[in-house]
Amino acid sequence: MKIKAEKKQRKKVIIYTLTNRTVIFLSTLLIVTFLLFIVGNLTNFTDRNLLLILTIIQIISVPNLIFCVASIIQSIFFCIKNKDTYYLFFILPSFLSLILTFVFFVFSGTLKVISLGSM
């Protein structure tokens with residue numbers, strides 16, 4: 001006789017999945033762009049190209065900040081609604097991505113201001 005353990009069925013919410021995958025995609029894109037900036041700085045890219053990369057980092061950071069906050073709010077909402085701790089495990093990666101994105105945004109903005117000088 002086989003005894004099957006009853007598994008708790010979780011209904012997959014598509015907006016939650018899309019939000020988390022968007023956070024992963026934008027965070028990965030942000031890290032890759034930052035690595036491109038570092039490599040470009042070491043291999044003597046022109047100043048205009050480095051400023052373009054810094055601008056791209058800032059452009060990627062804004063939607064990533066929004067999606068990270070949305071992911072955290074959705075995780076808390078679904079945890080309370082479904083009374084399940086499964087969604088709490090997604091708060092930490094979203095929060096770390098939020099902090100990382102904010103650091104990249106401030107870093108790239110500071111570098112742009114310093115490199116442009118007083119106008």
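Worth saying up front: this structure is predicted, and the values here are computed from it rather than measured.
- Through side-chain heavy atoms spaced under 4.5 Å, either directly or across other Ile, Leu, Val, Met, Phe, Trp or Tyr residues, Phe105 is tied to Val62, Ile66.
- Side-chain heavy atoms closer than 4.5 Å link hydrophobic residues (I, L, V, M, F, W, Y) into clusters, and following such links, even through other members, never connects Ile76 to Phe67.
- Remark: Ile114 CD1 to Leu54 CG distance equals 10.5 Å, nearest 0.5 Å.
- Criterion: ILVMFWY side-chain heavy atoms under 4.5 Å apart, direct or through other members. Under it, Val69 and Ile80 are part of a common hydrophobic cluster.
- Under a hydrophobic clustering in which Ile, Leu, Val, Met, Phe, Trp and Tyr are joined whenever their side-chain heavy atoms come within less than 4.5 Å, directly or via other members, Leu29 and Leu52 fall into the same cluster.
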Exercise. Please test Phe34 against Phe107 for ring-ring contact (aromatic ring centres under 6.0 Å, His included), starting from the C-alpha separation and ending with a verdict.
Key: CA-CA 10 Å; Phe34 183 71; Phe107 178 75; 5.7 Å; yes
Quiz item: Do Tyr16 and Tyr87 pass the ring-ring contact (aromatic ring centres under 6.0 Å, His included) test, and can you show the C-alpha distance, the side-chain angles, and the key distance before you say yes or no?
Solution: CA-CA 10 Å; Tyr16 185 72; Tyr87 296 102; 5.2 Å; yes
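- Under the 4.5 Å side-chain contact rule for hydrophobic residues, Phe89 and Phe95 do not share a cluster.
- Of all heavy-atom pairs between Ser108 and Gln58, the closest is OG-CG, 3.0 Å.
- Rounding to the nearest 0.5 Å gives a distance of 12.0 Å between CZ of Phe90 and SG of Cys79.
- Ile31 and Leu100 make their closest contact through CD1-CD2, 3.9 Å (heavy atoms, listed as atom of the first residue, atom of the second, distance).
- In this structure, CG on Asn41 lies 11.5 Å from CG on Asn49, to the nearest 0.5 angstrom.
- Hydrophobic clustering of Ile, Leu, Val, Met, Phe, Trp and Tyr side chains at less than 4.5 Å, counting indirect connections, keeps Ile60 apart from Leu98.
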Quiz item: Would Ser27 and Ser97 satisfy side-chain hydrogen bond (donor to acceptor under 3.5 Å, both in side chains), going step by step from the backbone distance to the final call?
Solution: CA-CA 7 Å; Ser27 297; Ser97 178; 2.5 Å; yes
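- No side-chain heavy atom of Ser115 sits under 4.5 Å from any side-chain heavy atom of Asp47.
- Using a 4.5 Å cut-off on side-chain heavy atoms (C-beta onward), Thr22 and Leu26 make contact.
- Atom OG of residue Ser94 and atom CD1 of residue Ile72 lie 5.5 Å apart, to the nearest 0.5 angstrom.
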